[in-house]
Amino acid sequence: DGTIKSILIRSTGTPGSTAVSLHKASNGTENLSTSPVETQTVDLSTADTVVTATFSASATFSANDIIGISVNPTSNHGNVDLTILFELEY
């Protein structure tokens with residue numbers, strides 16, 4: 001089991017307000033849910049600069065879940081890099 005603590009995002013463009021979302025699906029489900037577990041909105045108004053999307057304790061997933069991250073910018077974003085900070089339970 002685990003939690004997404006934060007996602008660091010940077011873009012070569014300036015897409016402005018950008019929604020970063022966690023999606024998941026459990027065993028037996030073919031596709032990720034289109035309804036996010038949680039969404040955080042960040043301002044990517046400066047190119048090539050890292051911005052942090054901090055998620056709440058509700059951004060959880062369980063063993064055997066598949067997870068996906070969606071990025072929905074207001075404007076074109078160019079190349080995007082993500083660093084995802086997980087907290088995992090052992």
Side-chain angles (χ1 to χ4, degrees):
D1 295 351
T3 305
I4 300 289
K5 301 300 281 183
S6 62
I7 298 177
L8 286 70
I9 181 171
R10 66 177 268 162
S11 172
T12 58
T14 54
S17 181
T18 301
V20 182
S21 301
L22 167 65
H23 301 264
K24 68 180 179 180
S26 59
N27 270 343
T29 304
E30 183 175 357
N31 298 309
L32 290 167
S33 173
T34 57
S35 297
V37 173
E38 185 171 335
T39 300
Q40 295 297 325
T41 301
V42 294
D43 181 16
L44 290 174
S45 59
T46 304
D48 304 315
T49 301
V50 174
V51 176
T52 302
T54 303
F55 285 75
S56 74
S58 299
T60 63
F61 54 91
S62 298
N64 301 316
D65 282 352
I66 57 172
I67 61 171
I69 304 298
S70 65
V71 176
N72 187 12
T74 301
S75 303
N76 290 333
H77 54 65
N79 297 330
V80 173
D81 300 305
L82 300 174
T83 302
I84 304 167
L85 178 61
F86 296 95
E87 180 176 81
L88 303 175
E89 296 178 21
Y90 291 98

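It should be emphasised that the depicted structure is a prediction, and the values quoted were computed from it without experimental measurement. Throughout, numbering of the chain's residues begins at 1 and tracks the sequence. Side chains are part of it too, since the values below use all heavy atoms of this structure and drop only hydrogens, waters and symmetry mates.
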Specify the closest pair of heavy atoms between Pro73 and Val71, including all atoms of both residues, with the distance to one decimal. CD-O, 3.5 Å

Validation row: Phe61, Asp1 side chains within 4.5 angstrom (heavy atoms): no

Minimal non-hydrogen separation, Ser6 against Thr52, with atom names: CB-CG2, 3.9 Å

Ignoring hydrogens and geometry, is there a side-chain-to-backbone donor-acceptor pair from Ser17 to Thr74 under 3.5 Å? no

Flag if over 12 foreign heavy atoms under 6.0 Å of NZ, Lys5: no

Sequence neighbours left out, what passes side chain to side chain contact (heavy atoms under 4.5 Å, CB included) with Val42? Give chain and number order. Ile9, Thr18, Val20, Leu44, Val51, Ala53

Between Ser70 and His23 the two heavy atoms that sit nearest each other are OG-NE2, 2.8 Å

What are the two closest heavy atoms between Thr39 and Ala19, and how far apart are they? CG2-CB, 3.8 Å

Can you spot which of Ile84, Thr60, Val37, Ile4 makes a side chain to side chain contact (heavy atoms under 4.5 Å, CB included) with Phe55? Ile4

Looking at residues at least two apart in the chain, or sitting in another chain, which of them share a side chain to side chain contact (heavy atoms under 4.5 Å, CB included) with Thr83? Leu8

Minimum side-chain heavy-atom gap Asp48-Thr12 below 4.5 Å: yes

Close side-chain approach of Val80 to Ser11, heavy-atom, < 4.5 Å: yes

Compare all side-chain heavy atoms of Ser26 with those of Asp65 and state whether any distance is below 4.5 angstrom. yes

Please find the pair of heavy atoms, one from Thr14 and one from Ser75, that lie closest to each other, and give the distance. O-CB, 4.4 Å

Give the other cluster members for Leu32, using side-chain heavy-atom distances under 4.5 Å between Ile, Leu, Val, Met, Phe, Trp and Tyr residues; answer none if it is isolated. Ile66

d(Thr3 OG1, Glu89 CD) to nearest 0.5 Å is 6.5 Å

Correct closest heavy-atom pair for Ser56 and Glu38 would be OG-OE1, 2.7 Å

When hydrophobic residues are tied together by side-chain contacts of less than 4.5 Å, even through go-betweens, does Ile69 share a cluster with Leu85? no

Roughly how far, to the nearest 0.5 Å, is CD1 of Ile7 from CG of Leu82? 6.5 Å

